[in-house]
Number of protein chains: 2
Amino acid sequence: MISTRGRYAIRVLIDLAENDNGGYIPLKDIAARQDISKKYLEIIVKDMVSGGLLVGASGKGGGYKLCRKPEEYSVGEILELMEGSFATVACLADDAAPCPRAKECQTLPLWEEYDKITHDYFYSKHLSDLL
Amino acid sequence: MISTRGRYAIRVLIDLAENDNGGYIPLKDIAARQDISKKYLEIIVKDMVSGGLLVGASGKGGGYKLCRKPEEYSVGEILELMEGSFATVACLADDAAPCPRAKECQTLPLWEEYDKITHDYFYSKHLSDLL
DNA sequence: GTATTTACCTACTATGTCAATAGGTAAATA
DNA sequence: TATTTACCTATTGACATAGTAGGTAAATAC
């Protein structure tokens, strides 16, 4: 299940793309337009900055703006950054302990194929497709 | 993320299919072979019986057995029963309150398409494919 | 008809994650 | 100097997950 972290991140990027005026856009405005708690968005946006999805500037006239063109953001990259990974079962998560049953596990290929479908779908979609 | 409820349910069905001897198989044996807590499996298996995935019989010689042929179980049906639904975002869950933003939401089609891909994938796979 | 084996039932619990909130400090501009 | 903004640390309530504990009811074997 994709959480608010990933979903809100995408909405922030859409908002920034559609309200782009060349300068920085204050989080207050984004939060108001998107009807999301500004305080909660701060946490999410902070991770987006450190993850290289956008840049921030403090002080008057500050705010956030995109650091790439919308077609250069894949949805998969955004979700993977915000959700950790989109592994659909625990044993395929990035930080999972190696499963001792993996070799003979009859369900593993099912999850692996689904993970691949998921990966391919979200990496084929870009921010520009959502505008 | 698919939880142990759905994953263990599939493993129980695989175990029953592969150890089918025409009669009932005690949960104790399934739990031992699959290395899953029998107590926890009781909860899962109970829901599988009430959901029509298998039948149980009490007493000596009792246990569980499949009530259909393996090719008549779709993975999608199993997961949907055990996980509630496999909606990938909260606003598409079966019990979700209608989202006031749905009409103008620019991300909704992204999630809807992914939900459809997920649905189609899991309903195309059957227990017989996993044996 | 008693002992044994099995399913089936209700309740409880530890742990972790999610979705925030609270209350600040630092930086940049007017 | 005042204002606006990002940025930082800590805390919280609600809920889900993955179990555990301790029983009762049903069916068969002897």
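Values below: every heavy atom of this structure, side chains too, minus hydrogens, waters and symmetry copies. Reminder, nothing fancy here: chain letters follow the sequence lines and each chain counts from 1. As the structure is a prediction and not an experimental result, all values here were calculated from the model.
- Across residues 30-42 of chain B, S37(B), K39(B), Y40(B) each have a non-hydrogen atom less than 4.0 Å from an atom of DNA chain D (numbered order).
- For DNA chain C, none of the residues of residues 87-96 of chain A falls under the heavy-atom distance limit of 4.0 Å.
- Remark: K65(A) engages no residue in a side-chain hydrogen bond (donor to acceptor under 3.5 Å, both in side chains) (not counting sequence neighbours).
- For Y114(B), the ring pair (Phe, Tyr, Trp, His ring centres under 6.0 Å) partners two or more places apart in sequence, or in a different chain, are Y121(A), F122(A).
- Defined by atom type and a distance below 3.5 Å, a donor-acceptor pair is present between the side-chain atoms of T4(B) and Y40(B).
- Using a 4.0 Å heavy-atom distance criterion, Y24(A) is classed as making no nucleic acid contact.
- Comparing G62(A) and K46(A), the nucleotide of DNA chain D nearest to each residue sits closer to the 5' end for G62(A).
- Taken together through direct or relayed side-chain contacts under 4.5 Å among Ile, Leu, Val, Met, Phe, Trp and Tyr, V45(A) and I43(A) form part of one hydrophobic cluster.
- In this view, T107(B) and I10(A), R11(A), I14(A), C105(B), W111(B) satisfy the side chain to side chain contact (heavy atoms under 4.5 Å, CB included) rule, not counting sequence neighbours.
- Across the interface with DNA chain C, nearest-nucleotide mapping of K60(B) and V45(B) shows K60(B) to be the residue nearer the 5′ end.
- With hydrogens and angles left out, the side-chain atoms of Q34(A) and Y8(A) include no donor and acceptor closer than 3.5 Å.
- Distance, I43(B) CD1 to dC12(C) P: 14 Å, rounded to whole Å.
- Atom CG of N21(B) has more than 12 neighbouring heavy atoms from other residues, nucleotides or ligands inside a 6.0 Å radius.
- The main-chain N or O of D15(B) is never found under 3.5 Å from a side-chain atom of R33(B) such that the two would form a donor-acceptor pair.
- Counting any heavy atom pair closer than 4.0 Å across all strands shown, G61(B) reaches no nucleic acid atom.
- Of the residues in residues 1-12 of chain A, S3(A), T4(A), Y8(A) come within less than 4.0 Å of DNA chain C through at least one heavy atom, sorted by number.
- If you walk DNA chain D from 5' to 3' and mark each nucleotide with an atom closer than 4.0 Å to a heavy atom of chain A, the marks span dT4(D) to dC8(D).
- Every salt bridge (Lys or Arg N to Asp or Glu O under 4.0 Å) that E77(B) has, sequence neighbours left out, goes to R68(B).
- Between L92(B) and L108(B) there is a side-chain heavy-atom pair separated by less than 4.5 Å.
- Here the straight-line distance linking atom CG of D120(A) with atom CD1 of I117(A) works out to 8.0 Å at 0.5 Å rounding.
- Using a 4.0 Å cut-off between charged side-chain N and carboxylate O, R101(A) and D35(B) make no salt bridge.
- Qualifying side chain to side chain contact (heavy atoms under 4.5 Å, CB included) partners for A32(A), counting only residues two or more places apart in sequence or in other chains: none.
- Residues meeting the side chain to side chain contact (heavy atoms under 4.5 Å, CB included) test with K46(A), sequence neighbours left out: none.
- Taking both residues in full, the closest heavy atoms of L131(A) and P70(A) are given as CD1-CB, 4.0 Å, listed atom of the first, atom of the second, then distance.
- M82(A) places its CE atom 15 Å from the C1' atom of dT17(C), with the value rounded to the nearest Å.
- Stretches of at least 3 consecutive Watson-Crick or G-U wobble pairs, with each checked distance under 3.5 Å, appear in DNA chain C as C:1-30 with D:1-30.
- Evaluation of the salt bridge (Lys or Arg N to Asp or Glu O under 4.0 Å) rule for K69(A) yields no partner, not counting sequence neighbours.
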